[in-house]
Number of protein chains: 2
Amino acid sequence: MVTIKDVAKKASVSIATVSAVINNNKFVSDELKERVEIAIKELKYRPNKVARSLKNKKTNLIGVIVTEITNPFYPLMLKGVEDVAKKNNYQLIVCTTDDDPQKEYDLVQSMLDYGIDGVVLATIDDKESKSVQLLEQEEIVHVLINRSPEVYSDNSVLIDSYKVGEIATTYLIDLEHDDIAFIGGDRLNSREREKGFKNALAKHGVELKDNRIIKCNYDAEKVYQNVLQLIEQDDMPTAFFAASDTMAFATIKVLLDKGFRVPQDISVIGSDNISFSEDFLIPLTTVDAQAYEMGRLGCETLISLLNESENNSYIKPYLLEPSLVVRKSCQKKMEG
Amino acid sequence: MVTIKDVAKKASVSIATVSAVINNNKFVSDELKERVEIAIKELKYRPNKVARSLKNKKTNLIGVIVTEITNPFYPLMLKGVEDVAKKNNYQLIVCTTDDDPQKEYDLVQSMLDYGIDGVVLATIDDKESKSVQLLEQEEIVHVLINRSPEVYSDNSVLIDSYKVGEIATTYLIDLEHDDIAFIGGDRLNSREREKGFKNALAKHGVELKDNRIIKCNYDAEKVYQNVLQLIEQDDMPTAFFAASDTMAFATIKVLLDKGFRVPQDISVIGSDNISFSEDFLIPLTTVDAQAYEMGRLGCETLISLLNESENNSYIKPYLLEPSLVVRKSCQKKMEG
DNA sequence: CCCTTTCAACTAAACGTTTAGCTAAACGTT
DNA sequence: AACGTTTAGCTAAACGTTTAGTTGAAAGGG
């Protein structure tokens, strides 16, 4: 390995001078500067980031923690994070939690050990997230995207899930549906979508039948079972609103399996707009949750926080606007 | 930040003793060991990996370079890599190249700067890859997965793409198709699939018509245009074999758009078996290219290479077996 | 011509570890 | 009792940087 020492020797200058040239942060005469630059080239010297990190307490590493990587929603978000990280000369340490708070906590710990400069957390939304507490107490710059603990609001980039619920539900109501079921989970994003759903129903005077709130926690198998149960009881709503596209997929699959036509017999609207909903068996009507944009903005605010350093700064939470994406899984309610 | 010094002071021992306790690599009397452990707990000390890396020249960081992250093939591979990395206490630095050799080279350089211990490269297959050369010359342990430069064979985990071509084509021939088109690109994986395709045709005495090799380089738009051209010339094969699922998707979409039925009028088989092919508009029949397994095995061999350290060792290339996945995009050729 | 100021370039300490090599206590042998 | 051997635990150097503080030559002022 060629070190700064070798360069210094070759250029017949001191280590400090080489450092000054590399970092361009002190005046160095043209003559020496040139000698140093030549030496660097000839030796193919590249500064050792590990040593530099040790001295500077800055690794230029950003930790990114996502729930899953096989659900296309997250890769899209990751892409957003990566694009801005790359532009700012950060590298990403990426890992997944499978939505397990303990794993998440351990990962945050591990990242701290690696000396990451900041972290983009796209995962848990527990009432009081241990991970977030840890980050706070260790004073590690962080921004939460997609989800956040209920109490937490600073430095986060979220989708306005309440509005997602409203938009989807209102769309269904506009299509004259009057018996709509909600398929969701426990997480904040889902709870908010549920609130938006209920509110839109109330606002338009649409009744919410008894067993129309179905909690499946993003588990496709559960969705399948729950909808199947409805089918077997012969108690079907005319439309479903799912709090995620993957749950909408699962819903459509049971319906199709059991001989219903989507959207002719039953409409289904999702939310998220993952890349694949466009090409799903039935192209999915859904509400776009801006995964890429959350990643992009999330990383951007992280980096601006990182740059202000001591400013101890607060950036107001972003709440992104969802938007309706009409495709083919919904249609006007049939007569009778 | 609490350092090893603080622990040493608190436990009234030397730094060296604390280090010995942490690393458990020297005998320390039970008494001192306990004192040290208590101090560590009370101070919540965690060793600084950056410092450790500097001394040890080992970061416990693995670089992973993939082409894209929004194509579900790669996340699946990543998942394989991550699962074994996690188990072995490595963290992953992940980035994407968009299939640009220059970007890839720069990324490899960057990762070297970060001191990664090894890299899993899942990307380019140039005749002579600068990136691979760089890794070789810097003596960084690396394994190539999914693709490799033509000349390169060591330490790689590849899918047997020739066989992919054979399997897909033979399946189509078994369905009595006698005019089959191939949709592919320039990359080795595609070239091998093409060879397998041609060989299977020859072996079964099926004629290959003139304009039946369509090069689209994984670009959905190009696929669309090329197939469209065929349609407009009214010169249609009875089946398509695409060298990737995404190209198969694009093919199916034009066909559907132009009023063909898949598979009733025309059969399409893909290759890769990305997660979504199962739920595509027409559930895609395809040949599984074992993305997860390549990632898993790739990382596993990387880590075993890392552990042997000085052994300068060579691990024979893995060539994974592809397997046919029958779904709904192919059927027996219609009479006439 | 001497004294002060300026500043390019240098020396050395520091970042938080690991580890080679040393010290001295404890023990066994004769 | 004297000596050698063993070894628990220590000291200090090293990893490759950055940077505070120092040096000394040149420039400027009186």
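When reading the values below, keep in mind they use all heavy atoms of this one structure, side chains included, and skip hydrogens, waters and symmetry mates. Model, not experiment: these values are computed from the prediction. Residue numbering restarts at 1 for every chain, and letters A, B, ... go by the order of the sequence lines.
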**Prompt:** Is a side-chain donor-acceptor pair under 3.5 Å present for A:T17 with A:S14?
**Reply:** yes

**Item:** Distance-minimising heavy-atom pair for B:T3 and B:Y45
**Value:** C-CE1, 3.5 Å

**Asked** Who passes side chain to side chain donor-acceptor pair (under 3.5 Å) against B:T70, sequence neighbours left out?
**Response** B:E68

**Item:** For B:D113, all residues meeting salt bridge (Lys or Arg N to Asp or Glu O under 4.0 Å), sequence neighbours excluded
**Value:** A:R46

**Request:** With sequence neighbours excluded, tell me which residues meet side-chain contact (heavy atoms from CB on, under 4.5 Å) with A:N89.
**Result:** A:N60

**Message:** List the residues meeting side chain to side chain donor-acceptor pair (under 3.5 Å) with A:Y292, not counting sequence neighbours, and say none if there are none.
**Reply:** A:D83

**Side chains of A:I62 and A:V119 in contact at under 4.5 Å (non-hydrogen atoms)** = no

**Asked** Salt-bridged, B:K41 to B:E37, with N to O below 4.0 Å?
**Response** no

**DNA chain D-proximal residues of residues 17-37 of chain B, any heavy atom under 4.0 Å** = B:T17, B:F27, B:V28, B:S29, B:L32

**Prompt:** salt bridge (Lys or Arg N to Asp or Glu O under 4.0 Å) with B:E104: which residues, sequence neighbours excluded?
**Reply:** none

**Message:** Using a 4.0 Å cut-off on heavy atoms, which residues in residues 54-63 of chain A reach DNA chain C? List them by number, or say none.
**Reply:** A:L54, A:K55, A:K57

**Asked** First contact, last contact: which nucleotides of DNA chain D are these for chain A, 5' to 3', heavy-atom distance under 4.0 Å?
**Response** D:dG16 to D:dT19

**Request:** Would you jot down, in residue-number order, the residues of residues 105-113 of chain B having a non-hydrogen atom under 4.0 Å from DNA chain D?
**Result:** none

**Item:** Within-4.5 Å side-chain heavy-atom neighbours: B:L121 and B:L135
**Value:** yes

**Request:** State, yes or no, whether a side-chain contact exists between A:I22 and A:R52 at a heavy-atom distance under 4.5 Å.
**Result:** yes

**Request:** Would you tell me whether B:D99 and B:T67 have side-chain atoms, one donor and one acceptor, within less than 3.5 Å of each other?
**Result:** no

**Request:** Give a yes or no on whether B:Q137 atom CD has more than 12 heavy-atom contacts from other residues, nucleotides or ligands under 6.0 Å away.
**Result:** yes

**Request:** Tell me which residues in residues 7-14 of chain B put a heavy atom below 4.0 Å from DNA chain D, sorted by number, or none.
**Result:** B:V13, B:S14

**Side-chain heavy atoms of A:S12 within contact of A:R35, under 4.5 Å** = yes

**Request:** State which residues pass side chain to side chain donor-acceptor pair (under 3.5 Å) with A:D98; sequence neighbours excluded, sorted by chain then number.
**Result:** A:K103

**Side-chain donor-acceptor pair present, B:D106, B:S110, cut-off under 3.5 Å** = no

**Shortest non-hydrogen separation from A:L158 to A:I145 and the atoms involved** = CD2-C, 4.2 Å

**Message:** Need to verify one output field. Residue with the more 5' nearest nucleotide on DNA chain D, B:A16 or A:A51?
**Reply:** B:A16

**Message:** Five pairs per end, C1' atoms only: what is the angle between the end axes of the helix from C:dC1-D:dG30 to C:dT30-D:dA1, to 10 degrees?
**Reply:** 60°

